Each structure stands twice: as structure tokens, then as C-alpha cells.
Amino acid sequence: MFKKVLIANRGEIALRVHRACQEMGIRTVAVHSTADATAMHVRLADESVCIGPPAARDSYLNVAAILSAASITGAEAIHPGYGFLSENASFAEMVEAHGFTFIGPSPEHIRMMGDKIAAKQAMKSLNVPLVPGSDGELASLEEAREVAERIKYPVLIKAAAGGGGRGMKVAHSAEELEEAWRVARTEAKAAFGNDAVYMEKYLDRPRHIELQVLADTHGEVVHFGERDCSLQRRHQKLVEEAGSPALTAAERNALGAQVTRGLSQLGYRNAGTLEFLWQDGQFAFIEMNTRLQVEHPVTEMVCGIDLVKEQLRVAAGEKLGYGQEDITFSGHAIECRITAEDPESFAPSPGRVNTYHAPGGLGVRVDSALYSGYAVPPHYDSLVAKLVVHGKTRAEAIGRMRRALSEMVVDGIKTTLPLHQRIMEDAQFQAGDYTIHWLERFVGRRD
Ligand code: ADP
């Protein structure tokens with residue numbers, strides 16, 4: 001096992017990786033920008049290196065500075081967390097070229113899945129069902145029209161290099177297509193430097209259901225069941241559950257068997273998540289994330305495993321040492337993403353947290369880098385805490401989340417805590433009766 005790991009990230013996820021390392025007796029190196037000198041991930045790490053000014057492109061995305069930090073501290077491996085460099089195939093390549101282990105999949109698979117068109121083609125060849133759409137990149141507006149006529153409106157134009165919901169535009173009719181085509185390509189070019197787009201049928205009432213997988217380097221691939229991430233605003237997840245209130249064990253197992261077989265054929269390694277839309281009893285693949293996800297704790301709570309420790313073990317070449325039949329699911333887990341934003345307008349609200357109090361008690365987990373007196377910097381993602389609960393049943397988990405939300409104090413900045421409380425109190429949410437479009441309407445609604 002590694003003796004020292006550099007964590008190329010910040011905030012709650014840097015802390016999350018640090019905790020797994022500590023429990024395994026691995027020393028940690030934190031990297032940080034000048035804006036994060038007093039951040040919790042820096043305070044708790046065994047060593048830390050300042051890698052640049054506040055702007056992420058000069059610090060957390062500064063590959064040369066990160067590799068130098070690994071080199072001078074004698075780290076053997078680098079964990080990228082999520083976001084930043086986690087899905088950058090060139091970074092993974094450079095990490096390995098410099099003699100460090102990248103804690104994640106091979107650069108080849110990161111590259112393949114980072115191109116959503118290539119990812120869909122790979123899944124098609126493995127017989128994983130897809131959302132109906134164009135066969136690869138759309139070469140012209142004319143081709144877009146032809147595909148839309150064939151699959152019928154509404155359609156969605158999506159960026160091949162997409163992420164974070166950017167470069168995605170719906171066209172409800174032929175009249176709207178030209179505009180959607182133009183805007184999606186312009187957005188994709190601006191956000192990703194790549195204006196390649198493709199088309200999918202726009203599903204009117206799907207759920208977002210994703211499958212957590214893990215593979216060692218000896219050919220063993222397992223899945224840890226699904227997460228339901230349908231509660232989204234602007235294609236960004238706010239609340240996640242494991243398992244999905246909509247899925248039966250048989251449906252989960254059938255999908256899991258097909259996916260693990262496919263990934264084993266591909267020779268995939270480390271953690272990954274396959275995202276699907278689920279409508280009318282059918283799964284349709286949309287993309288694969290080749291990293292740890294923000295919402296991984298709900299899976300950990302129902303499976304009783306530590307996914308980061310598993311990532312470290314397989315990256316060090318260890319065998320999983322268990323098979324699919326050893327993985328069992330117990331109870332229900334829910335995660336609320338608490339962000340430093342106005343709960344109604346979603347305007348960012350960075351600044352000093354005067355008082356921070358985390359809830360506790362049976363079945364409550366808080367993943368957060370907050371502390372009283374900490375100033376949330378304005379330069380990064382607004383996620384400040386993940387409140388996760390586990391209960392014997394979904395109803396118990398909801399009751400526990402309501403109780404935990406009511407105990408939590410983040411004073412001095414605005415947060416989405418009140419919005420989460422409102423969601424947990426809603427009868428439709430409690431009934432598990434929602435699709436990916438539900439939250440937008442809920443947020444817009446003023447009772
Ligand atoms: P990104 O990588 O930008 O997050 P995804 O392909 O993962 O993009 O899609 C993000 C979200 O957008 C999905 O979770 C879903 O809510 C919505 N979405 C994506 N594809 C479709 C589709 N074909 N029909 C309806 N909604 C979709």
C-alpha cells in the first residue's frame with residue numbers, strides 16, 4: 001500500500017480522501033491556493049504545499065505545480081477527487097509518466113468516456129441500451145433536422161465534451177431547432193473548446209438513475225447498486241438517494257449484470273458511475289463518469305463500504321477480494337447538497353461563517369470542510385456540506401433528514417438548508433413520486 005498520497009483537490013472531497021488515507025495509515029499531502037491557506041483540508045493533512053493564486057486555473061488546475069508538489073514531498077500516488085483534474089486524461093497520463101500512480105481509471109478510458117459520443121458508441125457495442133438519437137456527431141443543421149424528424153420532437157442537442165449541464169439545448173419543434181443548434185454549439189465551444197454536438201430524444205418524464213461500479217486490475221468488476229439523482233436544478237443534482245424509490249431489486253440486478261460484464265470486457269479499472277435515464281421501465285445510457293462522484297456517500301451508507309479505501313486498494317494493485325454476491329444493501333440513504341447560495345434566487349453567498357454546528361445522532365453523516373470562523377471563498381464551487389442520513393426504511397431516512405436539517409446551523413452566509421427542509425416536507429417527494437423535471441417546478445412554486 002502507498003505510504004503517502006497527494007490529494008489534488010480542496011473542500012469536503014479533499015477531506016473525505018484524507019480521512020480514508022488516515023484510517024489506512026497513509027500520510028497525506030494537501031495542495032492549496034493562497035485563498036485556501038486556512039482551509040480544513042490543509043489543517044488536517046500531514047503536509048501541505050501552496051500551488052498558486054486563488055483562480056483554479058493557476059492552482060488546482062496547475063498540473064506542473066501539482067506534480068512538483070508530489071515530487072518534493074515524496075508522494076507515491078495522486079487522488080484527484082471530483083471536478084478539477086479528475087477527468088483530464090492528459091493529467092492522468094502525466095501523473096503516470098512522472099512515476100506516480102493515478103488513483104482512477106486508465107487515461108484511455110478517461111478519454112473515451114470524456115467524449116460522450118465515443119462513450120455512447122462503446123456502450124452500444126457492449127449492448128447497453130442508449131437514448132434514441134443521432135449516430136455520433138451531427139455534421140450539419142440539415143443532418144440535425146433529419147435526425148429530429150426520425151426520432152420526433154422534442155429533441156436535445158448535447159455537447160460531445162459536455163459536463164455540468166452546459167452545451168445542452170432542447171428543441172420542442174422544427175422552428176426551435178436552428179436556435180438550439182446554434183446556442184448549444186456556441187456554449188460548447190466557449191466551455192470546452194470543442195463545438196461537436198450530438199442529438200438525443202428529449203425524454204419528458206425520466207428519472208436519473210446511476211450505477212456505481214468498481215473494478216480491480218485483475219479483471220473483477222462489481223457494482224454497488226444505484227443512486228436516484230432525479231432531483232436536479234439546471235441539470236445539477238441537489239438531493240440523491242440510494243436505492244431509487246422506483247426500482248426493484250430485479251431491475252437493479254439485471255442492469256448491474258449487464259454493465260459489469262461490459263466493463264470487464266473493456267478492461268476498466270477503479271471506480272466509475274454509469275448514468276442512465278429511466279422511463280417506462282427502460283434504461284437508457286447517457287454518460288459515464290470516470291471518477292468518484294459527489295453523491296458516493298449514499299452508496300457507502302447502504303452497502304457499508306468505503307469507496308475511497310477501495311479506490312486506494314485497487315490503485316495499489318490489490319485484488320477486490322470479494323464478488324458481486326458478497327455485496328448486500330441495507331436500508332435507505334439520502335444526501336442533501338448544501339450550497340452557499342440564496343435558497344430562493346440561488347445567488348452565490350460566499351463569506352464568513354460565524355457559527356457552524358453539524359447535526360449528529362444515529363445514522364447521520366456530515367461531509368463538510370466548514371468550521372466556525374471559516375470564510376467561504378468566492379472562487380470555487382458553492383458546495384459547503386453534504387448532509388447524509390441512513391435509515392432502516394426510506395420513511396425513517398426522511399424523518400431523520402428533517403431532524404438533522406433542523407439541527408444544522410451555518411450562520412453568517414445564506415445556504416440552501418431551508419430549501420432542503422421544504423423538499424423533505426413535501427408529500428410528493430415523500431411518496432417518491434418525482435422525475436428530473438420535478439424540482440424545477442417545485443423551486444418555482446411559492447405556496
Ligand atoms: P452533463 O454531463 O452536462 O451533466 P448529462 O448527459 O449527464 O450532462 O445530463 C445531465 C442531466 O440532463 C441528466 O441528469 C438529465 O436530467 C438531463 N438530460 C440529459 N439527457 C437527457 C435526455 N435525453 N432527455 C431528458 N433529459 C436529459
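Keep in mind that this is a model prediction, so the values were computed, not measured. Whatever order the structure lists ligands and atoms in, that order sets their numbers, starting from 1. Residue indices begin at 1 and follow the sequence shown.
Annotation: atom 24 (N) of ligand 1 to nearest protein heavy atom, L203 N, 3.0 Å. Among protein heavy atoms, atom 3 (O) of ligand 1 sits closest to G165 N, 2.6 Å. From the protein, the heavy atom lying nearest to atom 20 (N) of ligand 1 is K158 NZ, 2.9 Å. The nearest heavy-atom contact from the protein to atom 26 (N) of ligand 1 is I436 CD1, 3.3 Å. Atom 2 (O) of ligand 1 has its closest protein heavy atom at E287 OE2, 2.8 Å. With hydrogens left out, the protein atom closest to atom 22 (C) of ligand 1 is L277 CD1, 3.4 Å, a heavy atom.
Considering backbone and side-chain atoms alike, M168 places every N or O at 3.5 Å or more from each N or O of ligand 1. Considering backbone and side-chain N/O of P206, none are found under 3.5 Å from N/O of ligand 1. The N/O atoms of V131, backbone and side chain alike, include none that comes under 3.5 Å of an N/O atom in ligand 1. At least one N or O atom of K116 sits closer than 3.5 Å to an N or O atom of ligand 1.
Atom CG of L211 and atom CG of L274 lie 6.5 Å apart (nearest 0.5 Å). Expressed to the nearest 0.5 Å, how far CG of L214 lies from OG1 of T299 amounts to 11.5 Å. Taking CG of L6 as the start and CD1 of I78 as the end, the distance is 5.0 Å to the nearest 0.5 Å.
In the vicinity of Y202, heavy-atom distances shorter than 4.0 Å reach the ligand 1 atoms 24 (N), 25 (C), 26 (N). Each of the atoms 11 (C), 12 (O), 17 (C) of ligand 1 lies under 4.0 Å from some heavy atom of H235. Within ligand 1, the atoms closer than 4.0 Å to a non-hydrogen atom of L156 are 19 (C), 20 (N), 21 (C), 22 (C), 23 (N), 27 (C), numbered from 1 in the order shown. Atoms of ligand 1 lying under 4.0 Å from any heavy atom of E275, numbered from 1 in the order shown and given with element: 7 (O).
The side chain to side chain donor-acceptor pair (under 3.5 Å) test with E240 singles out one residue from R337, K386, H208, R227, and that residue is R337. Partner of K116 under the salt bridge (charged side-chain N to carboxylate O under 4.0 Å, His left out) criterion, chosen from E200, E287, E87: E287.
The minimum heavy-atom distance linking F429 with D426 is given by the pair N-OD2, 3.1 Å. When all heavy atoms of M408 and A385 are compared, the closest pair comes out as CE-CB, 3.7 Å. Shortest non-hydrogen contact noted between K120 and Y198 is CD-CE1, 3.9 Å.
Between atom 23 (N) of ligand 1 and the options M199, R205, H208, K201, the minimum heavy-atom separation is to K201.
The cationic atom of R252 (NZ for Lys, CZ for Arg) lies less than 6.0 Å from the six-membered ring centre of F329 and within 45° of the ring axis. Both tests do not hold together for R145 against Y153: distance to the six-membered ring centre under 6.0 Å, angle to the ring axis within 45°.
Only the side chain of Q232 comes within 4.0 Å of ligand 1, counting heavy atoms alone; its backbone N, CA, C and O stay farther away.
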